[in-house]
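Written out below as structure tokens is the structure these notes cover.
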Amino acid sequence: MLKSKLIRFALPLLLLFSNGSENSVAGSKQKSPDSQTGATGTLQKMIVESGSVTMDLDLNRLNGTAPATTGSSRILSELRFAIAANSFFPILVFNDLLRGPQPGSMALIPQNSATLPAALSASFKQLVVEKLPSGGASDLAVRDSNTGFTFFNIEGHQYQYDANAQSLAITNGRLLISKQFANALGRPSEAGSLVGQISIGAALQPTEIAQVVNGQPKSVVMPPLRGAAGGEVPALVAGPDVIVGDVESVDQLDAAVGTQVGLAIGTDSCNNGDQPVDWFALPQTDHPVVPQNLYRMSGGASNNDRFEQIGQSWVKHTFEALQGTVCGTCNQNPPCNPGPQLCPGCSDPYTAGLNGNQDLIGSRAWINPFTGSFPSNADDHSGHVHNGVSHRILVETSDLVPAQNPGATYFGEAAYISPHEYTWCQSHPDQCNMFNNVSHRQFTVSGGPTTFSFSPVSPTVRMQPAIQVWAGTGATVNQVEPVPGNDGIIFVGYKVTGPTAGVWHYEYAVYNENLDRAIQSFEVVFPGFEPFSLTNIGFHAPPQHPGWVNDGTFNNLGYSSASWTFTESFTSATWNCETLAQNPNANAIRWGTLYNFRFDSSAPPADSTANIGFFKTGSPISVQILAPLQSDATPTPTPSATPTPTVTPTPTPTPTPSPTPTVTPTPTPTPSGITLTASGRRVQGRHTVDLTWSGATSANIDIYRDGVVIATVPNNGSYKDFIGVRGGNVRYTYKVCEAGTQNCSNQVTVRFGGPPL
């Protein structure tokens, strides 16, 4: 069964065969097929693989240094751009004849520079040429990819397609000042004025090829992209390995209900492993499930100070695996059983319509995200009635309206959680591929106040959760695996900006990818006493779905949406929800969700720790962050390379304070040749240990405290362990090893309080 691919081609076919006009191809020199309705042939959906753009602009006119001129008296300056690889600017080609572009954009990479108006200069490195929806005043526009600000509308252009070369030329485009840009220039009367021309040359490559018979698609092939952003899927790895090969689309599937809309994401899964992945439909329980999320990045001068999740869906239960080629060569040979299994190298599509089909999706509450297990009734919809937003990605309209979110960028994310991967890991621990199942893609949002459209900005970034986008803006994002082999992973991100008028802004994000225990508390430990109260304290979480009969939550009440309680002391700032004993449906950070914590402080940042407490079971863990330092405290020097910490439970000290720590390192023989020394001190009363070593030859070093790896860091010879514990009569034993080996140093014990060792 061709399921979603045939659905996905329905719209292009409607556009193609609805009439005999050529209006969708402005100025095209191509001829239409002899017959539209009932046509037979090959329909290709192409995207831009590479290319170049030239804009000839009257910069004197733009900069307001010369009046409007025409003809030979206008002096034009040439701006040159490369087109980003695999820009999503879809082109439809039927029987090698151009049928026209669909909404999408080409990202522009500047190849030279010029003196530009301030607004255009600020957006110069993030410009796109965007195909606008039909029915608008213009067919194409030059816009800012982050803010959506339109600089120029393009008119009068012609499309020319060369089938042999698979190339597209767009010529004779006139650049007209947009109303937005004219207002920004302070010259609103110049809206619509001609200020130059644009030409585009692009090499295309097909992403989908459909064979059409009498107007109906009969088969679909998806050739692998050349040089896809995020990288081609590498050679197949050992074991089953299901990933999201493509985030196809984000779509609103029905009318808004109250202040909310229901969205869904189209996905293509890929098996990046050399073993088949089980894909058995319910009531069998060995198949992947597909959660979908939506995120927004906004805030600050560059609109990237904070990264928030604004929507989450229930999960799609997969039911049959097609064997496509989105990610490369598809091997359907035995022992693979195509259909009930996804074969090595093969892909399987689900459109947004299928992933948002309310009768085929079930509550996340039934799913253990680490093992992938769930009961056979995990999508039981008896006993309740759906409306337009039920079970889909639930988003407040206020989080989408462009005028209410100026400059914000949006990211769709999906994952495939597979029980087959988990069972394989148990029997093949060296072939475990459970932590690369999440991919994301950037989209622009238009429309509102209740109906929205989403256009992809760039190709899918494979095998990375969306929070990694924030890391590219100056934030620090660390992956943490609290109990390797026994539970999932989380990501802890933070970003400190300022000072602005003597105040720093502290922003934290915690993303739970597949940790079943969930997270109940988040404590920011101050490396010194905070002299003033924090201000602008904030918390953010995505909307929870209401309770439904058979939804897997306690008493079918659904998960709470209550904000977390905030507590501030001289030593820390803490947020927490109710405990499991207090409320089994408390608003914990469950799998596939991201929560935010924030405040302002007049104290500058310094290295510190955050303590993370779990909802179901287990001792808290600590991770490295930045936190406010008392202005008269002495900050600890930052290591030359930022470590990527692995966490360990925070030790519990004996409550016997000692005013001065007694620290005596006790070395043991070092047959490996690695020598470790350690010294302890208190920073505002909290235990801190400085480690130095020599003799290691590996690129990275594992840091052990009390027999547990607490961090893996570059081999730069030093590490500072900010433990965050107060009190005395506590000892810590350290060693360092070349990463991933047992080639280790001597052990050193450091004691705080009590008699010397």
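If you're wondering where the values come from, they're calculated on a predicted model, not measured in any experiment. Note that the numbering runs from 1 along the sequence shown for the chain.
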Check whether any side-chain heavy atom of Thr409 lies under 4.5 Å from a side-chain heavy atom of Arg296, and answer yes or no. no

Distance-only, no hydrogens or angles: does the Asn331 side chain make a donor-acceptor pair with backbone N or O of Asn333 under 3.5 Å? yes

Determine whether Val53 and Ile83 make a side-chain contact, defined as any pair of heavy atoms from C-beta on separated by less than 4.5 Å. yes

Just do the side chain to side chain contact (heavy atoms under 4.5 Å, CB included) check on Asn272 and Leu236 with the steps written out, would you? CA-CA 5 Å; Asn272 187 40; Leu236 298 182; 4.2 Å; yes

Under a 4.5 Å cut-off applied to non-hydrogen side-chain atoms, are Gln160 and Leu168 in contact? no

Could you go step by step and tell me if Ser105 and Lys131 meet the side-chain hydrogen bond (donor to acceptor under 3.5 Å, both in side chains) rule? CA-CA 6 Å; Ser105 62; Lys131 169 66 176 73; over 6 Å; no

When you compare the side chains of Asn596 and Tyr511, does any donor N or O come within less than 3.5 Å of an acceptor on the partner? no

For the side chain of Thr351 and the backbone of Gly266, is there at least one donor-acceptor N/O pair under 3.5 Å apart? no

Treating Ser698 as the side-chain partner and Asn700 as the backbone partner, does any N or O pair qualify as donor plus acceptor under 3.5 Å? yes

What's the verdict on disulfide bond (SG atoms under 2.5 Å apart) for Cys330 and Cys343, showing C-alpha distance, side-chain angles and the deciding distance? CA-CA 7 Å; Cys330 177; Cys343 298; 5.9 Å; no

What one should report as the nearest heavy-atom pair of Trp279 and Ala321 is CD1-N, 3.5 Å

If you measure only the distance, is there a donor-acceptor pair under 3.5 Å linking the side chains of Asn436 and Asp241? yes

d(Asp379 CG, Gln358 CD) to nearest 0.5 Å is 13.0 Å

Any chance you could lay out the side-chain hydrogen bond (donor to acceptor under 3.5 Å, both in side chains) test for Gln312 and Asn293, step after step, and finish with the verdict? CA-CA 5 Å; Gln312 58 175 313; Asn293 297 320; over 6 Å; no

Minimum side-chain heavy-atom gap Phe443-Val445 below 4.5 Å: no

Please report the interatomic distance NE2(His381) to OG(Ser363), rounded to the nearest 0.5 Å. 9.5 Å

Could you check whether any side-chain N or O of Asp286 sits under 3.5 Å from a backbone N or O of Asp278, counting only pairs where one atom can act as donor and the other as acceptor? no

Applying the side chain to side chain contact (heavy atoms under 4.5 Å, CB included) test to Tyr350, which of Asn357, Leu360, Thr318, Val290 qualifies? Thr318

Residue pair Asn368, Ser373: steps toward the side-chain hydrogen bond (donor to acceptor under 3.5 Å, both in side chains) verdict: CA-CA 5 Å; Asn368 181 313; Ser373 62; 4.7 Å; no

What is the distance from atom CD of Glu308 to atom CG of Leu594, rounded to the nearest 0.5 Å? 9.0 Å

Which one of Tyr416, Phe280, Phe374 satisfies the ring-ring contact (aromatic ring centres under 6.0 Å, His included) criterion with His317? Phe374

Aromatic rings His391 and Trp314: how do their planes relate, parallel, tilted or perpendicular, breaks at 30° and 60°? parallel

Given 3.5 Å as the limit, does a donor-acceptor pair link the side chain of Gln442 with the main chain of Phe411, or not? no

As a test of understanding, state which of Asp254, Ile265, Val261 forms a side chain to side chain contact (heavy atoms under 4.5 Å, CB included) with Arg392. Asp254

Do Arg441 and Phe88 form a cation-pi contact, if we require the NZ or CZ to be under 6.0 Å from the six-membered ring centre and within 45 degrees of the ring's axis? yes

I'd like to know whether Glu421 forms a side-chain hydrogen bond (donor to acceptor under 3.5 Å, both in side chains) with Asn437, so could you lay out the CA-CA distance, the side-chain angles of the two residues, the decisive distance to 0.1 Å, and finally the verdict. CA-CA 10 Å; Glu421 283 190 348; Asn437 302 47; 3.1 Å; yes

Between Tyr410 and His440, is the ring centre distance below 6.0 Å? no

Search all heavy atoms of Pro110 against all heavy atoms of Phe81 and return the closest pair with its distance. CA-CD2, 3.6 Å

Rounded to the nearest 0.5 Å, the CD1 atom of Ile489 sits from the CD atom of Glu513 at a distance of 4.0 Å

Can any side-chain N or O of Asn303 pair as donor or acceptor with the backbone N or O of Met297 at less than 3.5 Å? no

Backbone N or O of Ser347 within a donor-acceptor pair of the Ser269 side chain at under 3.5 Å? no

Output yes when a side-chain donor or acceptor of Gln111 lies under 3.5 Å from a complementary backbone atom of Ile109, and no otherwise. yes

Between Tyr295 and Phe307 (judged by ring centroids, cut-off 6.0 Å), do the two rings come close enough to count as a pair? yes

Report yes or no: do Gln211 and Thr42 form a side-chain donor-acceptor pair below 3.5 Å? yes

Could you go through Asp487 and Asp516, starting from their C-alpha distance and side-chain angles, then the distance that decides it, and tell me whether this counts as side chain to side chain contact (heavy atoms under 4.5 Å, CB included)? CA-CA 7 Å; Asp487 208 345; Asp516 181 62; 4.0 Å; yes

Rounded distance [0.5 Å steps], NZ in Lys45 versus CD1 in Ile209: 13.0 Å

Nearest atoms (heavy-atom pairs only) where Pro375 meets Leu282: O-CD2, 4.5 Å

Nearest heavy-atom approach of Tyr422 to Met434 is CA-SD, 3.8 Å

Spacing of Arg462 atom CZ and Cys270 atom SG [to the nearest 0.5 Å]: 5.5 Å

Smallest separation among heavy atoms of Ile310 and Pro542, with atom names: C-CB, 4.3 Å

Check the pair Cys346 / Cys327 against disulfide bond (SG atoms under 2.5 Å apart), numbers first and verdict last. CA-CA 7 Å; Cys346 301; Cys327 291; over 6 Å; no

Sub-3.5 Å donor-acceptor pair from the side chain of Asn512 to the main-chain atoms of Leu515, do we have one? yes

Side-chain contact test, heavy atoms from C-beta onward, threshold under 4.5 Å: evaluate it for Val483 versus Arg517 and give yes or no. yes

Report yes if some heavy atom in the side chain of Gln426 is under 4.5 Å from a heavy atom in the side chain of Thr371; otherwise report no. no

Do Arg364's NZ or CZ and the ring of Trp591 fall within the cation-pi criteria of under 6.0 Å and 45°? yes

Aromatic ring centroids of His287 and His420 under 6.0 Å? no

Test Asn355 against Ile361 for side chain to side chain contact (heavy atoms under 4.5 Å, CB included), laying out the working first. CA-CA 7 Å; Asn355 281 339; Ile361 52 183; 5.9 Å; no

For the pair Gln275 (side chain) and Gly273 (backbone), establish whether a donor and an acceptor sit closer than 3.5 Å, ignoring hydrogens and angles. no

Report yes if some heavy atom in the side chain of Leu98 is under 4.5 Å from a heavy atom in the side chain of Ile91; otherwise report no. yes

Smallest separation among heavy atoms of Pro240 and Pro276, with atom names: CB-O, 3.7 Å

Non-hydrogen side-chain atoms of Tyr161 and Leu204 separated by less than 4.5 Å: yes

